[in-house]
Structures are given as structure tokens and as C-alpha cells.
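What follows is one structure encoded as C-alpha cells, with my remarks underneath.
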Protein chains: 2
Amino acid sequence: MKQTLRPASGLRATASARPTIKDVAARCGVHPSTVSRALSPAMKHLVATEVADRIQAAANAIGYRLNMAAKGLRTGRSGLIGVLAPDIADPGFPPVLSGIADHLNAEGYATIVVDVGSKGSEQDLVDRLIARGVDGLVLATVSLRDDVVKHCLDAALPVVLVNRVDAAGQLPSAASDDAAGMRLAVEHLVALGHKRIGHVAGPQEISTGARRRAGFEASAKDAGLPARHTPVEIAETYTRAAGREAALRLLARRTRPTAIVAANDLLALGVYDALAARGLACPGDVSVVGHNDMPFVDMVSPPLTTVRIAQRDMGEAAARLLLARIAAPGASREHIVLAPELIIRGSTIAREH
Amino acid sequence: MKQTLRPASGLRATASARPTIKDVAARCGVHPSTVSRALSPAMKHLVATEVADRIQAAANAIGYRLNMAAKGLRTGRSGLIGVLAPDIADPGFPPVLSGIADHLNAEGYATIVVDVGSKGSEQDLVDRLIARGVDGLVLATVSLRDDVVKHCLDAALPVVLVNRVDAAGQLPSAASDDAAGMRLAVEHLVALGHKRIGHVAGPQEISTGARRRAGFEASAKDAGLPARHTPVEIAETYTRAAGREAALRLLARRTRPTAIVAANDLLALGVYDALAARGLACPGDVSVVGHNDMPFVDMVSPPLTTVRIAQRDMGEAAARLLLARIAAPGASREHIVLAPELIIRGSTIAREH
DNA sequence: ATGAAAGCGCTAACAG
DNA sequence: CTGTTAGCGCTTTCAT
């Protein structure tokens, strides 16, 4: 028998190690479980008020902090949420993230954000998060046919999507109304007298890319514009460079569009680059509309007309959805859709006839 | 005696619960500790290769994942690092963060990023991170006289600073050479013939604000410019609005500067706003230099001349420093300083005489 | 209202 | 090389 009891555990005020529930108990002359109860808001009512106060005081005095790892081990819930982001550096993402994190923090959760872009396989990242015992996942990365979704469902892990949706609509999501956003853009241009409007579409395996394109085509049709006057070119990635290339292809068409709607502000800046490369003026020769209203697009020249999406709200909605899912695993597959808003600036102008 | 053994633990393939080391052990007919050894890279050599392989296979077969909370509880190390950020939405921060996270991830750590701006007391945030058992902290928030620093030192928690330094220089840090950056800016303007150069300084309780200001004043003096021709106005926050106000004050001076150096790109954009408000042209009437080279300042009009700082490297250096600190708690209080670079664009022009 | 006991999943001495 | 044993800090029955 090897009893490795720490000598006089809990009595040494010399403690440099982190105090535990036992230290508090010893100091109050009560049993550790009583301390646990007194310090847990939910169980506090089971303990005499006077004792509870003494325990609270002692805990403060020695600077006791709950050990979440131990609690998590015991309860099976870590209070950790994983967030998979496509690229932290993308200027559109921080507001979403902060919406997510604020809401989650308020509920006592901490968030681990993982940037998928840089490191290898998304599966691996998810597995590492599972190893950390995350109680749920927010995916801002899902592409339309995606194995990660299946992977998470297999792991029986509560998951929500933000800013994206999955092809089958199986997962709860919070996203902007992409079709409505494109309609805003197209109708604005039509009202300005434009009859030939091009679209620089985003990657089609990402839901925003596919849905904005569909929204563009539908709105153009509804406005009575023939397909040959509403050409679409696809950018393979949401980057300025890809936007430039796609716009260049659009401008090389037989009948040049007098306006271009981009699926994204980054793409729109690429359109600016293409225009400059061809010696065309914006908005003089070609009007441009973006999407997302990312920071500082009001400072570029010309200030970009764009569709603002409710990024913070989106993040918050996703967090709420996830928490609901965690509380009731079988719950509703809700899709929250947020209304976009057109911000008119200097990059769109009436078409002189 | 109450033996609550799970019946036939590890034999049920029905398992919907997460498999544990015991399940793997049962499946292989070995003891759990052998599994632990076989699955730990560091201890694997203690186990027969054949057995180790069998264990590995079984683990994969049933989808076993290490439970980090349990491991952490046992070893006292969580593999979690906390990052305190002033504002995730600040466009300057993501590259730093991604430098930190990438390096840390590669070493098996996960990072919890906390945005200080939104929620209450920084102390509380730190305490919550301590409750999570973080192995160390990266502070991107420290102001020059700061109690958080003391709080962390008290908790004997390894800490490094990034992008900032503390007044006493007690903590290891990774930051850009602010003085050198300002010298680059001032000498550039002097070379262009400017003789009256103003400075929109950042908050003086933040090290970048204070050090860039000191750098500005030193460089101006070295260039032979009298103090009355190199006025300084302080912006209370690093925001476009505060930059505008400070610039307005600068422009209201008796002898108007022909160039303005801002402590930060956000501030520089505020200077643009002020110039526009006074009907002055940039760079025609007043040249402007920023600091940080944040995304898309090359797209504003005019494209901003600015001092680029090595943000990603800064993050990576901070991560390295922290890991070193964790490995050897008493280790060197190293200050890593990164060299900045001047990026000349359209907002600075020669002063016609 | 409190104490006792057991165990979450893992690792680290310590025997063999 | 492998099994035994104990325990990290906490919560939660179950008894008092």
C-alpha cells in the first residue's frame, strides 16, 4: 500500500500550486462535496446560507478557480465550442466571429477558432477539436458537397453552419438572403437604365457563389433582360486576382456590359483592377456593385456600391442555434436567413441613353 | 463495496459513446496503460512493435480519440493557449493571430482567442482562461501601466506580449521597431523636400502610440526640423474618427504642415477625411504616411504610403517565445524586434518649392 | 443540510 | 516489455 497523500494537503498557505476544492474545504472544515455544492449556482440551495458564505469567502481568499478540465471530465461537457473558419484574414469574417464569440461567452462557453486555409485536412482539424471535447461546432467553411458534414454527423456532434448552407439543407444555418441581395443589386442597376449587366460569380461549390449566381439570373430574367445581355463569368476563388480575371473575360465579350455585379467585394475590387487594365472608367464606362460591405470599401475610388449583409447578427444567430441544438440534440433544423441591404455609393451611375 | 463496473466494458460494439482507452485495451486483450504507451509517440518505444501496431489498428477501427481533458487533468498541462486581442475586427490583427495560431497548432496547441473590447474586465477574462487551464497567454492588449501583467505574474502563468511592450520591459515581447518605422517615414518626407511635418499620434498609454511618437520626434530632430514645425496631435483611440479630429487640429495650426505622419493606417484614413473636410488635396496640398500597411490601403484614393510591419512574423515570434517560456519558466526575457519597411505609394509627393 | 464513496479517462511510478 | 495501482479535481448518487 503506497498512499501518496500530499502531506497536510490543503493546510499549507505556502501554496504556489493552484488551489483546489479540497484546499477550500480544509480551510472551512467542511467536506469537498459541500464546497462543490456551495460554489455551483445550481446546487447552492442545498447548503446552509451561512456555510455557503463562509465557503465563498474562503475561496476568494485563497484565489480558488474552478478547474474546467476536471469538471468537464466528470460531466462530459467541456464548455468549448469549435469554429472552423475559411480564412481569418478575410475581412468579412471578423464581425461574424465576434457575433459568435460574444454570444457564446455570455453563456459561459469559450471558442476555439481554427483557420482551415493554412493547415491540412479539415477532417483532422475536426478530429483535434473532438479530442478537445468540444460541445459543438460552427462551420463557416462548408462547401456544397462536403464530407466534413458527414464526419460531424457521424460523431453525433451538434453542428451549425454560418454564412453558408449545405446542399441538402440538413444542417441548421444562419446566412444572408443571397437571392434577395442580388435582386437589390440588379434592380438598382436596371432602375439606373442599365440593360447589359454582367456577373462575376464566386466559386460554385460554395453556397454563396451558387446562390448569388442563381439570384442574379433570376432577377435579370424577371427584369426582362435576355440571357445574352446578362453574361456570367465564374471566379474560381473569392480573391481580387480571380475577380480581375473573370472581369477581363466579361469585358472581352462581343457586347460589353455597362454594369457588373460581383458576388463579393473582393471580387469587385478585382473588377476595378480589370477596368483599370482596359483603360475603362468606373462608373463612367462601367458601373460596379459588390457584396458584403467589407470595411473600407467606402474609401476606395470610387466608393463601392454594395450589398451589406448582417454579419454580426449572422454570427449571433448561429451561436443561438448551436446552443439550442446542444440543449436538445434532436431539435429543429432551422435555417435563419437575414435580410441584406443595398448601400449605394459612387461606383454605380445612371446609364445615359 | 459498490463496484459500478460497466457491464462488459469495451465489448459492446453498439457503442454510441466516445470510445476510451479501455475499449481499445479490451479489444486487444492488453492493459489500458499499454494502450496509453502505444499511442503516445514519446512512450511508444516501450511497447513491442507488433503489439503497438495491433493497438494502433484497433484504435483506428473503433475511431478512438484521445481525451485531452483527461490527459490534461493528469499531466497538469492543457495544451491550450489564451490570446487576448484588443479587437478582432481591427484589420491589423488577423495576420498576427494567424502567425500565432499556425505556429502553436503545429506544436499541438490550440488557441482560445478572446476579444477584450466587447466584454467586461480584462482580469475576469484572464481568470476564465486560467479556469480553462491555459498553459500560457499571449497578450496583444497590454497598455503601458497595466495590472493584467501583474495579475498574470502572480498566477505564475507564462506570458508574452505581441505588438506591444510593457513599460518596465519585464515581459518577453515580439514587436515591430516603431522608432525605425517612424524614421523611415520622416526621412522619406524630408527627402521629398518637406519641412513642416505633423504627427497624428496614437493613444499614449499604448506602447505603439508612445514609441512611434518618440520615434517621430527623434527623427524630426535629427533631420534638423525645429519642434514648432513638427507639431504633434494625439488621437485618443486608433480609429478613423479620432484620426480625423486630430488631423483637423493639426490643420488648424498657424503654419499648416505640408505632410502628416499618422501612427496607424486607420488614423491615416481619418487624416484623409479631415483633408477632404477642409477642401485640401492629398498629396497635392498635404502628403500623408500611415503605419501597418493594412489590407486594401493600396486601393484607397490616393493609395496610401505606409510603413509595413512584419505582422505574421511577429505572431510567430511571439508563439515561439511563449513555448520557450513554457518549457523553461525562468527563461530569458527576450524582446524580439522586427524590422519595418517603407511602402511608397501615391499619398506622398515632392514638395515644390 | 452534510459526509462518504466512486469514478470521468488518462498517465506515471513502480513492480515484476 | 507489460500489468498494477493510484490519483489529477471535480460532481453526484447515496446515506445519513
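Just so it is clear: chains get the letters A, B, ... in the order the sequence lines come, proteins before strands, and each one is counted from 1.
Atoms CG and CD1, on A:L321 and A:I326 in that order, are 11.0 Å from each other to the nearest 0.5 Å. Atom CG of A:L323 is separated from atom OH of A:Y109 by 5.0 Å, given to the nearest 0.5 angstrom. Distance check, rounded to the nearest 0.5 Å: CG of B:L125 to OG1 of B:T141 gives 9.0 Å.
Residues A:S173 and A:R164 bring no donor and acceptor atom of their side chains to less than 3.5 Å of each other.
Within the structure, every side-chain polar atom (N or O) of B:T34 is placed at least 4.0 Å from both OP1 and OP2 of D:dT2. When the side-chain nitrogen and oxygen atoms of B:S36 are compared with OP1 and OP2 of C:dT11, one or more of them lie within a distance under 4.0 Å.
Here C:dG9 presents its C1' atom at 9 Å from CG of B:L66, a figure rounded to the nearest Å. In this structure, the CZ atom of A:R54 is 9 Å from the P atom of C:dT2, given to the nearest Å. The CG atom of B:N67 sits 7 Å away from the P atom of C:dG9 (whole-angstrom rounding). Atoms NE2 (B:H31) and P (C:dG9) sit 15 Å apart, rounded to a whole Å. For the pair B:K22 NZ and C:dG9 P, the interatomic distance rounds to 7 Å; values are reported in whole Å. In this structure, B:I21 atom CD1 and D:dC8 atom P are separated by 19 Å, rounded to whole Å. Rounded to a whole Å, the CG atom of A:L73 is 8 Å from the C1' atom of D:dC10. Counting to the nearest Å, the C1' atom of C:dG9 and the CE atom of B:M68 are 13 Å from each other.
Of the candidate nucleotides D:dG7, D:dG9, D:dG3, D:dG9 has the atom lying nearest to any side-chain atom of A:T20. Comparing atom distances between the A:R74 side chain and each of C:dC8, C:dG3, C:dC10 picks out C:dC8 as nearest. With distances taken from any side-chain atom of A:A70 to the nucleotides D:dT12, D:dT2, D:dC10, the minimum falls on D:dC10.
Judged by atom type and distance alone, B:R37 reaches the base of D:dG3 through a side-chain donor-acceptor pair under 3.5 Å. A donor-acceptor contact under 3.5 Å is not formed by the side chain of B:R65 with the base of C:dG9.
B:L171 and B:H335 get closest at one heavy-atom pair: O-CE1, 3.0 Å.
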